[in-house]
Every structure is written in C-alpha cells, then in structure tokens.
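As structure tokens, the structure follows; a few thoughts come after it.
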Amino acid sequence: MIIGVGFPIQISRLFHKPDRCGSNMSGDSEPWIPADKNIKELTARVIIIGILLGGLMTAANAYLGLYVGMTVSASIPAAVMSMLILRGFKFKEVTILENNSVQTMASAGESLAAGIIFTVPALLVIGLWNDINWVDTFLIAILGGLLGTMFTIALRRLFIVEEALPYPEGVACREVLVAGEKGGSGLIAIIYALIIGATYGWMVKAFQVTHEKVQGVADFVGTRFYAGSELSLALLSVGYIVGLRIASFIFLGGIIGFAVLVPIYGLINGFPDSGHIYGIGFGGIDKYDYSTVWSEQIRYVGVGAMVVGGVYTLWSMRKTIAEGLMKSFKTGKSGSDDILRTEKDLPMDKVLLFCLLLVVLTFFFYWYATGNVGMALVGALFLAAVAFFFAAVAGYIAGVVGSSNSPVSGMTIATLLFTIGLVWVFGGLILGMEETDMMIATMFIAAIVATSAAIAGDVMQDLKTGHMVGATPWKQQTAEIIGIVVGAIVIGPVLTILHKAFYITQTACIRTEGAGSAVCEDALLAPQAELIGAIVQGAFGGALNFPMVLLGAIIAVILIRLKMPVMSVAIGIYLPLYLSVPIILGGIISHVLLSSARLRIDGNMEGEPSVKAREAIKEVQDKGVLIGAGFIAGESLMGVLLAIFIVADKNWPNNGILPKDWFGGGTLDSDWFSLLFFGWFVLVFILITAKSLPKKGNLLGDLLYVCSDAAKRLRGVFTPPPLPEFSKDPDSKNK
C-alpha cells in the first residue's frame, strides 16, 4: 500500500488491488517426492535439454534486458518447455525432478545474463571497450556466477529449512511443476504463445512489414511535445507480469522525462536543428531533435534519480540485510550423521575450498586486467567480502519478496560507490594508478559482484522449488553449476552479435556513428549499464552532467517523501517514453482481467475478495503470466536470430541475406496499419488469457464496470478531506 504521508493526495486510493495472488505452497511440510524415494533426476537427457534451454534463455533475456532494462524469470517458462520437450519426444518415465533440473539450469543462465548486461556494457559506455571482449566477459560471468552459487549453497539450509522463508517465485514454480506432473493446459498455452510472439517479432523486426514504433513531435505553446509507442508484445507482456502499479510508475517516469522536462528544457534553451528529414513523424517535426535533448540532457535526471533510489532501497532494507547476515554467521554444522536424501548438499568443506580458489582466481584476473598486483590483491579481498555480503542479502530478500523484486541494481550501485572510494584511495593516492586502470578495476569488481548477487537470489528460489518437490540438493546444485557455465560461454557471443547488429547503448553508438545518426535510434538502451558508466565517468573523468543529475536526485527525494517506488519511476525517466507505453498497456490489461475475475465471483469490487475470487484471480494471473512469458521468449529469440542475419549481412553485403530482402517486399508505410497489426496481437493476448475467466459475465461489461470504478477512485484521490466542524458557541473556544 502506498500512502502519501504529509500530502493531501491519497495515492493509495488510486490503486485498487484485485489481489495479484501468490501461490500458497501445498504440502509445505512434506515434499512432493518423499525423501525415502529415489527417482531419475540429473540424467543425460536432462543435461542436454538444460544446456540447450539455458543457452536460449540466456540469449533471450540478454536481449530483453538490454532492450528495456528488465529481465523476467526463466524458471516457469523453462519448466513448461522442459515438460513439452521431454513428453513431446515421447521420452519414457519422465519425472518431476528431471523437469526441475532442467528449469534450474535454464534459469541460472537467465539470472547470469541479468548480472552481466547491467554492468559489462558499461565498458562500452565509458569507452574502455570498442567491442565485447569474449574472454573478459566469460571470466566475469564464471567467477561471479560460481561465487554467488557457492555462497548460497552454504546458506541453503539456514534460509530454506530452518527459517523457512517463503520464496514466492520458488513456490509458484513448484505449482507449475506439480500441475505438469498432473497434466495441465499451461503446457500448450506457453508453446502457442511462444509461436505467436516469434511470428510477430519476425514479421515486424525481420520482414519489417510494419513499423516497430509509431511516434511524432508537434509544436505547442512555444515548445514541442512528443507522443509515441513501441509496438512490442514483449513489453506488453512485461507490463502484464509486473502489474498495473509498477507499470504505472514506470509510465509516470516516462511522462516526467519526455512530456514534462524535455518541453520545459526546450522552452528555455530551444531545440537543436539537425536538418534531418528521415526523422519526421506524424507531427511533422523531426523527432531526433526532440530525442537529442532527452539523450544529452534529461536522461541524466534518470541517472541522479536511480543513484539516490538505489542507495535508499538498500538503506530501507537495512534491518532485513542485518537480520540475514546475522543468521548467516550463526549457522553451524548439522550434528546428524543420518542425513536424508533431500538434505544432502555438496560437501561444505569442498564448497568453502572452492570459494577460496575462486578468490585466488579473481586475484589473478584483476592482476591481468589492471597490471597492478597490489590493486589486484586488495580488489580480490574486497570482492570476496562484498560478494558474500550481497549474496546473503540477495538470497534473503528473494525469500521475502522474490528474486524478480530483489534490488540487484541498487546493490550494484552501492558496490560501485564503495569500490570507487577504495580504488580512488588505494589505487589513485597510494599506488598512483592511471585513470583508465582505476576505471577498469572499478568496473570489473562491480560486474562480478552484480553477477554474484543476481545469481544468488535465483539459486535460492530454485533450491526452494527443489526442497518442495523433493529434489536432491547436491544434484540440483550441480545443475546450477552446469547452467552457469553454459550461460558464461553463451553470453559473450550473444553480446557481440547484438552489439554488431544494433549497438549496445546509444552512447557507444554515437561514439562510433556520430551524434544525430539514425542508426542510434534503434540502439539497445541498456539503461543500467548507461547509469553505471555515467557514475564511473563522473567519478574519474568528470564527464557527468551534474546539474541534471542533481535535479534527478531532488526528484528522487520527492518520490521517497511521497512513498513511491523511486527505482521504478527513475527507470521510467531514463527510458524513452515509447518503451513505457506498451508496459502501461500491459499493466492495464492485467488490472482489467484480474478485476473481471473478482467481479464475476463477488459481484462487486468492495472490501476484500472472497476465497473463490482469489482462486479465480490466481488462475487468470497464472494464465496471463504463461502467455506473457511465451510472448517475451518468442519475440526476444527472434531479435537474437535477426541479429545473426544483420551481422552476416555486414560481413557479406549485397547478397540478400537480410530477411526483409528475401521476397523483395517493403514496409507498409502507415502508422495506422502498424497500430492495427499490433492491436490484433494484443487482442489475441487478451482473448487467450480471458478464457481462464469464470464463465458468467462478459468482458465488455466487466471493462465498463472497472473503468467506472477507476473513475470513482480517481475522483476520490483529488477530493480534499472534509473540513472539521467548529462549534458555533462563542464561548467554546474558552472551554
């Protein structure tokens, strides 16, 4: 619940919650497969399928994260795909533990991608790299991934068994696995969604039948205003998954940045005149002049807001962090020699020894990267302490709010600030290191810590799922390690292909292509990497736009005062508005469908939903998440596949390699047709998800009711509270 403390606007009244239900674990005390029963788990077919799905999920989430700054959990889609493959190819005697092992490997690659894409591309932003360095990227990924895994293995029993933290996403994945074991419709739904998402992505991005974006700029009251949207099913699905509340705050950030700050800046300072004609949108004015103001000025407001938001997020969780660390240090060895199958971890002495080996390897990596043995030693010791700290924090927080809500970016920013101080004092003042070497040392430490923290939350979620379905911990931990190795091998080539095809970050693109280049309009934004690069450059090179950063910090303080989720709004400010539009559309669809489920059971939206209404809401929510995950995977994988064709065309031009040249066609140059084409797929998403609604009622009537309810709540937000009544008795003031 959000409450505007000290302000008359009651924000909490605006967001009526139709109860986005989490799954309650059935059979919490007893695993699905009893401890005394041994069935197939980490088999050869599982390893092969896990490696293939892990590579695909790593690539898809790398693309999505660079595209919009968000990734989605791969556990549930991987679990469903695993069930589909193992049963679709008529494998005999497929077990729930085999499916669990596959999703464990696949989700490890996804979370590894999140840690890498938030940090490694910052080396492109700073200018330390011109292309992705495969060897360094692999070393960062493997060291950070394995460190995070080893630390969380040591904490598994404490957080999952003794403290029994809920781990909501782990519980949800368990429910999917059990439903698949029983036989469920989710298996078919996600594969249909993947095909639909892939079809749309290929038609729009590869064949370029319609526009990817619809946008334009128009003059009004002495300045300019922008309107536009990315026509992306993946972003629509992200909005559905995160829900209306978070989606609305991301959209609010986009409005603040694109629709408020850019026009104000243009009114005061004017807009540049690039003279381009290819940027003319439906408003008749070059949109690149508008976006130049945003990219060179206003996006730094998002930088300032994200820095303050990241630090505040960690500060607000300080009690949770302290509690998690204290419990970590209090854990001891089990005194029982008769350990159940479901409690057998990898040997702890070997885990600790391997952690020590990883720290030593990190020392050599830093020595190789910086050429300074003193900085390498201090950096390795600092990283070991910080990586364990944030692995424990991420694992604990994931147990409370889920790994998708774990503030990895906030942890990375906090690590970055501490690392900058360490490198500045020890590397700069004591050792006299060059500025470039100090930036490299800072970035490599931050990258490994971010990867470690991203992995830790995911590993704990997977181990929670395994604990509930009756997996053998050491086998599942082995699957995690395999998934990390696969992800580390895949992530470098994937980033290389994406950078050569689209450019990763507009900053890197502008450095190569020049300011105002139309190519940079389609560059992958990588907002977290841009942020981290800007912080490092500002600390060591003085290249940060401090006035705008300060404005962002002030806005973040105001948002904190209003009790708003500052990181969501800050990301919205940093991202172009056209990316926020499909996200808010997905959030609205989610709200309407979930509210419709409740309305059809309870008949109204007042008070708390009934038990049956909660069950109906959960069914609709789960169906939409499965469809959305399929759309995201399908469109993202088509983006990666298209990148391969683009790179091939650059190496062998004029050979008709690009899909758009295969049939000699072209784009249907109509914004209205592009909107209709996108709208048809949106309607498909709605209709497929709506099939899980209770049968009574109709969607149009439900929509009208929900809109009426929203209007009533909106009026209530801006209605001032009644004034207190004063007594008319003139003597009452003396009483």
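These numbers come from the heavy atoms of this one structure, side chains and all, not from hydrogens, waters or symmetry mates.
Side-chain contact between L244 and S590 is absent, with no heavy-atom pair separated by less than 4.5 Å. Within the 4.5 Å cutoff, the side chain of D702 has no heavy atoms near those of the S595 side chain. Within the 4.5 Å cutoff, the side chain of L231 has no heavy atoms near those of the E212 side chain. Proximity of Y240 to F631: side-chain heavy atoms (C-beta onward) are nowhere separated by under 4.5 Å. Between I256 and V569, some side-chain heavy-atom pair lies under the 4.5 Å cut-off. When side chains are defined from C-beta on, L593 counts as touching L693, because their heavy atoms get closer than 4.5 Å. With contacts defined as side-chain heavy-atom distances shorter than 4.5 Å, the pair L66/P121 qualifies. Counting heavy atoms from C-beta on, the side chains of V204 and V209 never come closer than 4.5 Å.
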Report task. Please report the C-alpha distance between S596 and V706 in whole Å, then the side-chain angles of each, then the deciding distance to 0.1 Å, and finally whether the side-chain contact (heavy atoms from CB on, under 4.5 Å) criterion is met. Result -> CA-CA 8 Å; S596 177; V706 172; 5.6 Å; no
Requested in this report: Apply the test side-chain contact (heavy atoms from CB on, under 4.5 Å) to residues Y705 and M605: give CA-CA distance (whole Å), side-chain angles for both, the deciding distance (0.1 Å), then the verdict.
Outcome: CA-CA 9 Å; Y705 185 97; M605 305 285 288; 3.3 Å; yes
Requested in this report: List the steps, then state whether side-chain contact (heavy atoms from CB on, under 4.5 Å) holds for L594 with R598.
Outcome: CA-CA 7 Å; L594 299 185; R598 178 184 175 183; over 6 Å; no
Query - Trace of the side-chain contact (heavy atoms from CB on, under 4.5 Å) decision for Y578 with Q215 - result: CA-CA 8 Å; Y578 57 75; Q215 53 185 341; 3.7 Å; yes
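Between Y503 and E513, the side chains place a donor N or O and an acceptor N or O closer than 3.5 Å (distance only, hydrogens not considered).
In this structure, E530 and T507 approach most closely via the heavy-atom pair OE1-OG1, 2.7 Å. Between S674 and V214 the shortest heavy-atom distance is CB-CG2, 4.2 Å. Nearest heavy-atom pair, G254 versus L577, reported as atom, atom and distance to 0.1 Å: C-CD1, 3.5 Å. Of all heavy-atom pairs between I504 and L495, the closest is CD1-O, 3.5 Å. Contact record, F225 with A259: CE2-O, 3.7 Å, taken as the closest heavy-atom pair. Closest approach of V566 and A556 over heavy atoms only: CG2-CB, 3.7 Å.
Remark: L261 CG to I298 CD1 distance equals 5.0 Å, nearest 0.5 Å. Taking CG of L498 as the reference point, atom CD1 of I491 lies at 8.5 Å (rounded to 0.5 Å). In this structure, CD1 in I250 is found 11.5 Å from CZ in R245, a value given to the nearest 0.5 Å. Taking OG1 from T223 and CD1 from I268, the interatomic distance works out to 9.5 Å, rounded to the nearest 0.5 Å. Rounded to the nearest 0.5 angstrom, L704 CG and D709 CG are separated by 12.5 Å. Note that CG of L585 is 12.5 Å distant from OG of S580, once rounded to the nearest 0.5 Å.
Using modelled atom types, no side-chain atom of H211 and backbone atom of D671 make a donor-acceptor pair closer than 3.5 Å. A donor-acceptor contact shorter than 3.5 Å links the side chain of R511 to the backbone of V125. Judged by distance alone, the side chain of E635 and the main-chain N or O of L233 form a donor-acceptor pair under 3.5 Å.
Judged as a ring pair (Phe, Tyr, Trp, His ring centres under 6.0 Å), and not counting sequence neighbours, the contacts of F258 are Y226, Y290, W294. Qualifying ring pair (Phe, Tyr, Trp, His ring centres under 6.0 Å) partners for F645, counting only residues two or more places apart in sequence or in other chains: W202, W662. Every residue two or more places apart in sequence or in another chain that forms a side chain to side chain contact (heavy atoms under 4.5 Å, CB included) with P582 is listed here: S229, E230, L235. Applying the side chain to side chain donor-acceptor pair (under 3.5 Å) criterion to K213, with sequence neighbours excluded, gives D522.
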Please report, to 0.1 Å, the donor-acceptor pairs under 3.5 Å made by any side chain of residues 112-120, with sequence neighbours excluded.
unit_1, atom_1, unit_2, atom_2, d
T119, OG1, G115, O, 2.9
T119, OG1, I116, O, 3.3

Between side-chain atoms of residues 676-691 and protein atoms elsewhere (two or more places apart, or another chain), which donor-acceptor pairs fall under 3.5 Å?
unit_1, atom_1, unit_2, atom_2, d
T689, OG1, F685, O, 2.9

